[in-house]
Amino acid sequence: MKEFSHEFAEHWYYNPTPLLKSGGLWPIRAGHNKAKSNYKMGPRLITYFSIHFVLEGEGTFQQNNIETTINKGDLFCLFPNQTHHYSTNPKHKLKMFWLAFDGKQALPLLNRTGLTQYSSYLNGILNDAIASTIEELSDYFQDTDEPDDLLFISIIYKLFHQLYQQSIRLNLSTSSPSNWLEKGEDYMNMHFAENITVADVAKYIDINRSYFTTAYAKKTGITPSKYIYKLRMEKAIELITDDSHTITEIALTLGYSDLYSFSRAFKKFYGMSPNQYKKHQTSEE
């Protein structure tokens, strides 16, 4: 490790391959350290996610004005654009490993383990299996040979799987409203073209339909049924603009039983029929 003013540390930086950048998660950097008595980071912001494993010692961590004590075996996560700072107890100096990453799957993976920007630490999460995977990641970052990006991302996904399993064992995974609302929205984003109903979404997240509708509308300003409708109409525009599908094909693709019901829904949303929209687009080209 190199010596710095407040710590001994190694920092490893990673340039994600095109394959990883095309996926849902990619690593950015990692490192490990041994804190000196004056160790303190922040207040500052970062633009990506970074999980820190406390291997030894204790200290304090604060993010979103929520402060907690961190100890050996704990994990805390820095969220993008959130002011944070952390420091060591001079008598029990911190030793940590961290992994920074980004991508569309980053937040859902963290949420699955129980981490959110308002609950950004997990107590006693570290076990032997997780520690072993951390060692694998450290070895990978230090490997001077041509890196295998598929192996790398598989190790990171294994780490998240282990964190999720351990959070379940320790009852750390949360089922807060924000989590099941996000889970419901994810379901709608994935299956809106399969003729799903709000009842289907509520059943999937195991929440009363009326309660889900009220909670979702309160959070987003739109009811789940209107959100599904909006997703279908936005996809309809995309497919019509592509100009390689008939209107009937688009109707059936989006879960409508026939052309008439789709055309009626489209006109209600956009103020014109699908054919009128298509002609309008053609005339502007």
Side-chain angles (χ1 to χ4, degrees), residues 1 3-12 27-102 106-107 109-138 141 156 159-174 176 178-179:
M1 290 186 183
E3 183 174 2
F4 299 91
S5 61
H6 60 294
E7 66 179 339
F8 298 91
E10 284 186 276
H11 303 267
W12 307 303
I28 296 173
R29 61 191 295 265
H32 62 168
N33 78 333
K34 291 181 180 179
K36 294 183 179 180
S37 298
N38 64 334
Y39 180 77
K40 180 180 179 181
M41 298 297 290
R44 65 174 187 169
L45 302 149
I46 59 175
T47 58
Y48 43 80
F49 299 90
S50 185
I51 49 177
H52 292 236
F53 297 87
V54 181
L55 306 178
E56 292 181 9
E58 63 181 52
T60 58
F61 164 63
Q62 180 173 314
Q63 186 168 240
N64 263 327
N65 296 317
I66 301 171
E67 183 172 305
T68 186
T69 300
I70 49 176
N71 296 280
K72 178 180 179 181
D74 293 349
L75 174 158
F76 63 92
C77 181
L78 310 180
F79 280 73
N81 305 313
Q82 299 293 323
T83 301
H84 62 263
H85 61 79
Y86 48 95
S87 59
T88 192
N89 180 333
K91 295 182 179 179
H92 303 283
K93 294 187 284 292
L94 289 169
K95 178 180 177 182
M96 296 187 292
F97 170 85
W98 61 86
L99 173 68
F101 51 90
D102 208 348
L107 186 58
L109 284 168
L110 290 168
N111 290 165
R112 179 170 287 195
T113 68
L115 289 164
T116 72
Q117 63 178 340
Y118 298 105
S119 181
S120 51
Y121 58 92
L122 298 174
N123 299 122
I125 191 74
L126 192 62
N127 61 14
D128 290 342
I130 294 170
S132 177
T133 302
I134 289 172
E135 286 296 323
E136 280 189 80
L137 286 171
S138 296
F141 273 106
I156 294 175
L159 176 63
F160 274 105
H161 171 70
Q162 292 169 335
L163 289 171
Y164 174 57
Q165 293 297 317
Q166 182 70 342
S167 69
I168 292 175
R169 293 188 193 102
L170 299 177
N171 198 29
L172 299 174
S173 185
T174 176
S176 66
S178 61
N179 276 6

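Fair warning: this is a prediction, and the values are worked out from it, not measured in the lab. The basis for the numbers below is simple: all heavy atoms, side chains too, and nothing from hydrogens, waters or symmetry mates.
- Contact of the Leu75 side chain with the Leu126 side chain is not registered, since no non-hydrogen atoms from C-beta on lie closer than 4.5 Å.
- The local environment of NZ in Lys36 is crowded, with over 12 non-hydrogen atoms from other residues, nucleotides or ligands closer than 6.0 Å.
- Between Lys34 and Glu56 there is no salt bridge, since none of the side-chain N atoms of the basic residue sits less than 4.0 Å from a carboxylate O of the acidic one.
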ring-ring contact (aromatic ring centres under 6.0 Å, His included) between Phe101 and Phe160: does it pass, once the steps are laid out?
-> CA-CA 12 Å; Phe101 51 90; Phe160 274 105; 5.5 Å; yes
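- Minimum interatomic distance between Tyr164 and Thr113 (heavy atoms only, all atoms of both residues): N-CG2, 3.9 Å.
- Interatomic distance, CG of Leu78 versus OG1 of Thr83, reported as 11.5 Å (0.5 Å rounding).
- The line from CG of Asp74 to CE of Met96 is 11.5 Å long, rounded to the nearest 0.5 Å.
- Taking CG of Leu137 as the reference point, atom OG of Ser132 lies at 10.0 Å (rounded to 0.5 Å).
- Smallest separation of non-hydrogen atoms from Gln63 and Ser120: NE2-OG, 3.1 Å.
- Separation of atoms OG (Ser138) and CD (Glu10) is listed at 8.5 Å; rounding is to 0.5 Å.
- When each of Ile28, Leu107, Leu115, Leu99 is checked for a side chain to side chain contact (heavy atoms under 4.5 Å, CB included) with Phe49, only Leu107 meets the rule.
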I would like to know whether Tyr48 and Arg29 meet side chain to side chain contact (heavy atoms under 4.5 Å, CB included); could you show each step before the answer?
-> CA-CA 10 Å; Tyr48 43 80; Arg29 61 191 295 265; 3.5 Å; yes
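- In this structure, His52 has its ring center no closer than 6.0 Å to that of Phe61.
- Looking at heavy atoms from C-beta onward, Leu94 lies in side-chain contact with Ile70 at the 4.5 angstrom threshold.
- Counting heavy atoms from C-beta on, the side chains of His6 and Met41 come closer than 4.5 Å.
- To the nearest 0.5 angstrom, Lys93 atom NZ is 10.0 Å from Asn38 atom CG.
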Evaluate the criterion side chain to side chain contact (heavy atoms under 4.5 Å, CB included) for residue pair Leu110 and Thr116; output intermediate values, then yes/no.
-> CA-CA 7 Å; Leu110 290 168; Thr116 72; over 6 Å; no
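- His11 pairs in a ring-ring contact (aromatic ring centres under 6.0 Å, His included) with only one of the listed residues (Trp98, Phe141, Phe97), which is Trp98.
- With Thr133 as the fixed residue, the side chain to side chain contact (heavy atoms under 4.5 Å, CB included) test singles out one of Ile156, Leu159, Asp128: Leu159.
- Residues Asn33 and Tyr39 meet the side-chain proximity criterion, which asks for heavy atoms closer than 4.5 Å.
- For the pair Tyr121/Val54, no side-chain contact is recorded, criterion being any heavy-atom separation below 4.5 Å from C-beta on.
- Arg169 is listed as a side-chain neighbour of Gln166, based on a closest heavy-atom distance under 4.5 Å.
- Put simply, the side chain of Phe79 does not reach to within 4.5 Å of the side chain of Asn64, judged on heavy atoms.
- The closest side-chain heavy-atom distance from Asn81 to Thr47 is below 4.5 Å.
- To the nearest 0.5 Å, atoms CG (Asn71) and NE2 (His92) are separated by 9.5 Å.
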Can you list the steps and then say if His85 with Ser87 is a side chain to side chain donor-acceptor pair (under 3.5 Å)?
-> CA-CA 7 Å; His85 61 79; Ser87 59; 5.7 Å; no
